[in-house]
Amino acid sequence: LWGCTAAFLHALQDINHQSPAIITALMLLLMVNQDNDEQKESASKPCKYALILFCTAIGAASTILNWQYTRGDAALSFLEECCRPQTKEKFYLSTPYNVEKSLAAVNRLRPHHPFASNLAGAFYFYREDLNTAEKHYLKALALDSRRPGVFVKLADIAQLRGEHEKAKKLYDHARKLFPSNPEYKE
C-alpha cells in the first residue's frame with residue numbers, strides 16, 4: 001500500500017514524464033498479485049503471461065521515450081542559457097558556436113519544436129546578424145505558422161532592411177493571428 005501511495009504521489013508531481021511507466025508498473029503488480037480462481041486455472045496462465053509481457057514492454061517503451069523527452073528538455077534549457085544568459089558568469093556561453101551546437105542537439109531530440117529556432121533567431125537578431133536570424137525565424141515559422149511573434153520579428157528584420165511593404169504585410173499577419181495584443185496595433 002505504501003509503495004502504491006508513493007508512486008501515485010510521484011505521478012501527481014511529475015505527470016508528464018513518469019505517469020505511463022508508473023501506471024504500467026502498477027498494472028503489472030496488480031496482475032501478478034491478483035488472487036482469484038480464474039487465475040489459478042492453467043488455461044489462463046498463458047494469457048496472464050502475455051499480458052505481463054505486454055505491460056512490461058509498454059512500461060519500458062514509455063520509460064525510454066520519457067528519457068528522450070527529458071534529454072530534449074535539457075538541451076532546450078542549455079540553448080536558452082546560451083541565447084539569454086541570466087548572469088554575468090553565464091555570459092561566456094553566448095557564442096554562435098554554442099548556440100548552433102545546442103540548437104543541433106535540440107533539433108535531433110525534438111525535430112518539430114519551433115521554440116528552439118525562435119530562440120536562435122532572437123540570439124542572432126540581437127547580434128545584428130539579420131540573415132542568420134531570418135533563417136532561424138523562417139525555420140520556426142515552417143514548424144509552426146501560428147506564432148505571431150515570429151511574424152513580428154520577421155517584420156522587424158524587413159523594416160531594418162528598408163523593406164517597408166513586406167514589413168507591413170508581416171505585421172498585418174501577426175495582427176490577424178493575435179488581434180488583442182496591443183503590441184501588434186498599428
Side-chain angles (χ1 to χ4, degrees), residues 10-25 57-161 163 166-167 169-184:
H10 179 73
L12 288 176
Q13 290 177 335
D14 200 3
I15 191 94
N16 290 333
H17 301 288
Q18 301 298 324
S19 291
I22 291 172
I23 289 169
T24 304
I58 289 174
S62 66
T63 301
I64 290 168
L65 290 173
N66 287 324
W67 179 67
Q68 282 290 99
Y69 189 83
T70 303
R71 286 181 57 212
D73 270 353
L76 189 60
S77 178
F78 183 72
L79 175 64
E80 191 166 14
E81 238 177 67
C82 290
C83 292
R84 296 188 265 192
Q86 301 297 316
T87 63
K88 288 180 183 178
E89 293 80 27
K90 301 276 183 171
F91 195 74
Y92 72 93
L93 294 172
S94 291
T95 65
Y97 174 78
N98 281 343
V99 168
E100 292 299 326
K101 184 179 172 185
S102 57
L103 180 63
V106 172
N107 287 336
R108 188 178 64 253
L109 295 166
R110 292 209 191 149
H112 306 294
H113 199 292
F115 187 64
S117 295
N118 197 10
L119 271 173
F123 172 79
Y124 286 108
F125 181 82
Y126 291 112
R127 290 178 70 94
E128 298 178 8
D129 184 351
L130 300 182
N131 292 333
T132 308
E134 182 179 40
K135 178 186 86 168
H136 287 294
Y137 283 132
L138 288 172
K139 183 174 182 195
L141 201 57
L143 292 171
D144 186 358
S145 61
R146 298 167 297 163
R147 297 187 173 273
V150 176
F151 285 102
V152 169
K153 284 301 182 185
L154 287 170
D156 291 345
I157 290 171
Q159 192 76 23
L160 288 170
R161 289 179 176 160
E163 301 168 344
K166 181 180 177 182
K169 287 179 184 176
L170 289 164
Y171 284 129
D172 287 343
H173 192 74
R175 257 185 244 109
K176 285 179 191 172
L177 290 173
F178 197 0
S180 62
N181 189 333
E183 290 182 26
Y184 302 158

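Position 1 is the first residue of the sequence; numbering continues from there.
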Measuring from [X]:[atom1] to [Y]:[atom2], what's the distance to the nearest 0.5 Å?
X: L119; Y: L76; atom1: CG; atom2: CG; value: 6.5 Å
X: F123; Y: H136; atom1: CZ; atom2: NE2; value: 9.5 Å
X: S145; Y: L177; atom1: OG; atom2: CG; value: 8.0 Å
X: L170; Y: R175; atom1: CG; atom2: CZ; value: 11.0 Å
X: N107; Y: L79; atom1: CG; atom2: CG; value: 9.0 Å

* For T95, all residues meeting side-chain contact (heavy atoms from CB on, under 4.5 Å), sequence neighbours excluded ->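 Y97, N98.
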* Structure fact -> Taken in chain and number order and not counting sequence neighbours, the residues that satisfy ring pair (Phe, Tyr, Trp, His ring centres under 6.0 Å) with F125 are none
Tell me, please, which residues at least two apart from [X] pass side-chain hydrogen bond (donor to acceptor under 3.5 Å, both in side chains).
X: R71; answer: Q68
X: R127; answer: none
X: D144; answer: R146, R147

Run the side-chain donor-acceptor check on residues 151-160: report pairs under 3.5 Å with partners two or more places apart or on a different chain.
unit_1	atom_1	unit_2	atom_2	d
K153	NZ	Y126	OH	3.2
D156	OD1	Y171	OH	2.4
Q159	NE2	H164	ND1	3.0

How would you list, by chain and number, every residue that makes a salt bridge (charged side-chain N to carboxylate O under 4.0 Å, His left out) with [X], sequence neighbours excluded?
X: E100; result: none
X: R108; result: none
X: E134; result: R161, K166

* Considering non-hydrogen atoms only, spot the tightest contact between S102 and F78 and give its length. => CB-CD2, 3.5 Å
* Minimum heavy-atom distance L143-P111, with the two atoms named ->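 Scanning both residues completely, I find the closest heavy atoms to be CD2-O, 3.7 Å.
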* Asked: Using 4.0 Å as the upper bound for N to carboxylate O, is an ion pair formed by D172 and K169?
  -> no
* **Backbone of C82 reached by a side-chain donor or acceptor of S94 within 3.5 Å** => yes
